[in-house]
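Throughout, protein chains are lettered first and strands after them, A, B, ... in sequence-line order, and every chain is numbered starting at 1. Note: hydrogens, waters and symmetry copies are ignored here, and every other heavy atom, side chains too, is used.
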Amino acid sequence: MAARFNPLEADARWQKLWEEQGTFHASGEGDRPRAYVLEMFPYPSGRIHMGHVRNYTMGDVLARYRRMNGFDVLHPMGWDAFGMPAENAAMEKKVHPGEWTRSNIDTMRGQLKRLGFALDWSRELATCDPDYYGHEQALFLDLHEAGLVYRKQSEVNWDPVDMTVLANEQVIDGRGWRSGALVERRKLSQWFLRITDFADELLDGLGELDQWPDKVRLMQENWIGKSRGMKFRFDTMPSDETESIQVFTTRPDTIFGASFVAVSPDHPFAAEAANRSPAVAEFIARCKQGGTTAAELETAEKLGLEIGEVLHPLDGGWTLPVYIANFVLMDYGTGAIFGCPGHDQRDLDFARKYGLEVTRVVAPSPEEAEEPIGDEAYTGPGRLVNSRFLDGLTAEDAIREVIARAEAEGWGEGTTVWRLRDWGVSRQRYWGTPIPIVHCGACGPVAVPRDQLPVVLPEDIDFETPGNPLDRHPTWSEVDCPDCGAPARRETDTLDTFVDSSWYFIRFASQPADAPFDKAEAERWLPVDQYIGGVEHAILHLLYARFWTRALRRIGKLDVEEPFEGLFTQGMVTHLTFQDSDGKWLTPDEAESHGGPVIRGRVEKMSKSKRNTVDPEPIVDQYGADAVRWFMLSDSPPERDLEWSEAGIQGSWRFVQRIWRLAAEEAERGSSTWLGEGDDLALDRKVHRAIAAVGANIEALAFNKAVANLYELTSTLEKAPASPSRSRAVETLIRLAAPMVPHLAEEAWSAMGRDGLIAQAEWPAADPALLVEEDVTIAVQVNGKLRDTLAAPKGAAKEALEEMALASEKVIRALEGKAPRKVIVVPDRLVNIVA
RNA sequence: GCCCCCGUGGUGGAAUUGGUAGACGCGCUCGACUCAAAAUCGAGUUCCGCAAGGAGUGCCGGUUCGACUCCGGCCGGGGGCACCA
């Protein structure tokens, strides 16, 4: 038996065997309990990075652990294969996006396989495959038929050089991130999904997701942004021809503090005014200039232009000026507000600038009723003042009162508004799922008949000229209208790639050829028991997937409420950064061999721009998959960042060899030479405590703690004398470590002469009798300070413990002759003597 | 600006419901083996102190027999949203 574990040889051998035997295929048959373990599928960008390795190692440990615990485990892998980088590569390197993507997938699949992940590769899918996106088109049409898809004009970020729509994230300081051109706002007809129809259930559903991080639930809650308030109207002057203005407020109680009404520059009321006056039109144009970056908005000046007058709904003799104001958003609430400068900071800034009245209508105490408002609006609690029939009411009561009156008198109503907007899914790009619609001059937009799906992307495309290649393709879009047969044109937009990732976990669970999924089969696996991925998807992907699942439920396709029962967001992999004296980023290797001075920078997320990435593949070459896996689990709590270090991976390598030595030693000794030396009960207890601890920690995804448990057990075993207990314990150690270091575990398992694969072996059971301590150490405190410890049998009587504690010499000394006033005894834990 | 999270040795981090702070790893120190080195093994490693003992979980205060843990106020770091009415 080899003195060293040789991963270079062993890893590949076991990986081949697992693959040949289909060890990790999810059966879906029989009545074993099922577990669906899923990590967010990767974008095939080229090569696996350390973040992937960490993410997939965590999921793999859980999947292997569940399998050893008797579960039928579904642990699949696929590729989020549509998206911009492929088109960029096409433009820069003159390769077809499909070719580039598929070649990346091949590379990355090979890299993943070398890490020995227990994946069911038979279910592998790529979203760029017509077999996948064709079914997505069918689902899109299902939602369309159900009225959950619609088309409307919408403003987009338009890059006039690249001739493409940009996502908000791709607009940097008002310019296209690739072209650097000033981005324009254009109105285009776009497809939308009615996610706002589900706002209430998406919000309420968060309450049930108790296996999600609070942080993510909170982020989604804020994103959905439910606000209760009142919508009401300000009537225009009887002489005006224009209609009344609807406003929304969350503070109807402050209605007597109103000093102006403001509408968005995009509001119809503003447009009307612009029609009448070039000055107004010019002002609106000015409002639309300027960037949308955080910094610019922060410092942006409040701009307003008075364009009319309206009547206060509770006092026909009270007129208020109407302004167009640049800080009012058209797509929130009604696009118009009433300004209450006393109790809203923005309104106050505006009122000061334009010399409008500032009235206090809420005061924290009666004494402060006439206290003028200074530079800060008062937004705290209090009672109403200067508010006629509302005076003296609390803000909450006043809100109810005003809404009740508005509803009774018919000028307003209590309502709820949402921050969440419908999901625009049109993208003017080639490398995505074609939207299965045909535009006919006579019939309008018509769904592509089901038997004509999938609508497949053309292969012969040209990236030489900017813009959407689909739009430019000479023939692809030319079709006959499915309804009337007249010449028509295909929709040339493709779907947002977030649509692709909104249902891939369903397709993993069930993949018939003729349908997106089989309802019953998918329902047997779903929801995903444990989903693991980066926190950067906390809102978009996870919200869209929740919506898509609920939409399918509403149309009767799938009876699942929430797609992901458990969610875990793992931290990033970070690394030191280095710069030379000119500020140029250096790789760690360059930093070492650099002649000049090198500045050690901060520890940051691995990124190409900071040049601090570490490619996993050479590390696997050098140390083997298990050492890499072990390191990914060991150093930091999984939800926090992990700093990559050479010392860390070396430590992991040493540990892998330590386990190997224990196994090799036992294997060599054989199973007969030492029999009869008797059991080592103390060792048995430690082993069973480790069984319980490692299991509990893996279930809690506290991998770093499970790792610590294994280190501790290993050290104990190294020091333990030979005995049947020790031999059993080494076997147990191998089983416990198997989910984390599977290749080593298989090798040791087979060397020790055990049958079958350890991947399919049983997880050891902790014997409850051995988990109970016989003796415990009792802490003895005097006035809360530790003075002594004493050994006592478990379950010793309080009186006995008290007596023992009072007899302690150290206690007597600490008491300095004072008599104990009180003695607190916590059984099996401590005695505290208060003097 | 609003919301949320986190501050523990040289370092990553442990510490069921408040009950012996620093498990386990990394690093470091000393020792063994070696001509030597690597690898490996053993001992030690919160701080002050020879010791007895004292101090100690960002800072200040509070609750409690007892606080890393609970409460209030600061300071520092990170994240999310952002003119959301």
Could you tell me the separation between the [atom1] atom of [X] and the [atom2] atom of [N], rounded to a whole number of Å?
{"X": "A:Leu203", "N": "B:rC84", "atom1": "CG", "atom2": "P", "result": "19 Å"}
{"X": "A:Trp223", "N": "B:rG79", "atom1": "CH2", "atom2": "C1'", "result": "15 Å"}
{"X": "A:Glu646", "N": "B:rU11", "atom1": "CD", "atom2": "C1'", "result": "17 Å"}
{"X": "A:Phe703", "N": "B:rG13", "atom1": "CZ", "atom2": "P", "result": "17 Å"}
{"X": "A:Tyr623", "N": "B:rA39", "atom1": "OH", "atom2": "C1'", "result": "13 Å"}
{"X": "A:Gln657", "N": "B:rC41", "atom1": "CD", "atom2": "C1'", "result": "16 Å"}
{"X": "A:Arg419", "N": "B:rC83", "atom1": "CZ", "atom2": "C1'", "result": "13 Å"}
{"X": "A:Met219", "N": "B:rC84", "atom1": "CE", "atom2": "P", "result": "19 Å"}

Work out how far the [atom1] atom of [N] is from that of [M], and round it to whole angstrom.
{"N": "B:rU57", "M": "B:rG13", "atom1": "C1'", "result": "13 Å"}
{"N": "B:rA23", "M": "B:rA14", "atom1": "C1'", "result": "5 Å"}
{"N": "B:rG42", "M": "B:rC24", "atom1": "P", "result": "13 Å"}
{"N": "B:rA82", "M": "B:rG77", "atom1": "P", "result": "24 Å"}
{"N": "B:rC48", "M": "B:rG10", "atom1": "P", "result": "9 Å"}
{"N": "B:rC50", "M": "B:rG31", "atom1": "P", "result": "22 Å"}
{"N": "B:rC2", "M": "B:rG73", "atom1": "P", "result": "14 Å"}
{"N": "B:rC3", "M": "B:rG22", "atom1": "C1'", "result": "33 Å"}

Which nucleotide sits closest to the side chain of [X]: [options]?
{"X": "A:Leu329", "options": "B:rU40, B:rC84, B:rC65", "result": "B:rC84"}
{"X": "A:Asp344", "options": "B:rA85, B:rG42, B:rG25", "result": "B:rA85"}
{"X": "A:Arg4", "options": "B:rC83, B:rA39, B:rC65", "result": "B:rA39"}
{"X": "A:Ser636", "options": "B:rA15, B:rG12, B:rA23", "result": "B:rG12"}
{"X": "A:Ala647", "options": "B:rG27, B:rA23, B:rA85", "result": "B:rG27"}
{"X": "A:Asp635", "options": "B:rC65, B:rG12, B:rA82", "result": "B:rG12"}
{"X": "A:Thr789", "options": "B:rG12, B:rU20, B:rG80", "result": "B:rU20"}
{"X": "A:Ser715", "options": "B:rG25, B:rC6, B:rC83", "result": "B:rG25"}
{"X": "A:Asn222", "options": "B:rA52, B:rC3, B:rC83", "result": "B:rC3"}
{"X": "A:Leu218", "options": "B:rA85, B:rG27, B:rC3", "result": "B:rC3"}

Give me the ring orientation class for A:Phe350 and A:Tyr354: parallel if the planes are under 30° apart, tilted from 30 to 60°, perpendicular past 60°. tilted

Scan every strand shown for a Watson-Crick or G-U wobble partner of [N], both distances under 3.5 Å, and answer none if you come up empty.
{"N": "B:rA32", "result": "B:rU40"}
{"N": "B:rU17", "result": "none"}
{"N": "B:rC83", "result": "none"}
{"N": "B:rG53", "result": "B:rC48"}
{"N": "B:rC24", "result": "B:rG12"}
{"N": "B:rG7", "result": "B:rC75"}

How would you label the contact of [X] with the nucleic acid (heavy atoms, under 4.0 Å): base, sugar-phosphate, or nothing?
{"X": "A:Arg640", "result": "sugar-phosphate"}
{"X": "A:Ser645", "result": "nothing"}
{"X": "A:Val823", "result": "nothing"}
{"X": "A:Gln781", "result": "base"}

Distance below 4.0 Å between [X] side-chain N/O and [N] OP1 or OP2:
{"X": "A:Asn704", "N": "B:rA14", "value": "yes"}
{"X": "A:Arg654", "N": "B:rC41", "value": "no"}
{"X": "A:Arg217", "N": "B:rC4", "value": "no"}
{"X": "A:Lys705", "N": "B:rA15", "value": "yes"}
{"X": "A:Arg421", "N": "B:rC84", "value": "no"}
{"X": "A:Arg661", "N": "B:rC41", "value": "yes"}
{"X": "A:Ser227", "N": "B:rA85", "value": "yes"}
{"X": "A:Lys785", "N": "B:rA55", "value": "yes"}
{"X": "A:Tyr332", "N": "B:rA85", "value": "yes"}

Using modelled atom types and a 3.5 Å cut-off, is there a donor and acceptor pairing between side-chain atoms of A:Arg233 and backbone atoms of A:Ser244? no

Is it the case that the side chains of [Y] and [X] hold a donor-acceptor pair, with the cut-off being a distance below 3.5 Å and no angle test?
{"X": "A:Asp635", "Y": "A:Asn704", "value": "no"}
{"X": "A:Arg228", "Y": "A:Thr415", "value": "no"}
{"X": "A:Asn612", "Y": "A:Thr577", "value": "no"}
{"X": "A:Arg640", "Y": "A:Gln570", "value": "no"}
{"X": "A:Asp422", "Y": "A:Thr196", "value": "yes"}

Salt bridge flag under 4.0 Å for residues A:Glu718 and A:Arg658: yes

In terms of side-chain geometry, is the basic nitrogen of A:Glu665 or A:Arg726 positioned less than 4.0 Å from the acidic oxygen of its partner?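 Salt bridge flag = yes for A:Arg726 with A:Glu665.
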
Earlier contact from the 5' end, RNA chain B, for A:Thr334 and A:Thr777: A:Thr777

Ring centres under 6.0 Å, that's the criterion: do A:Tyr711 and A:Phe655 meet it? yes

Does A:Lys302 contact B:rC83 through a side-chain donor or acceptor facing the base, at a distance under 3.5 Å?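 Counting by modelled atom types and ignoring angles, a donor-acceptor contact under 3.5 Å is found here.
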
Assigned glycosidic conformation for B:rG9 [threshold 90° from 0]: syn

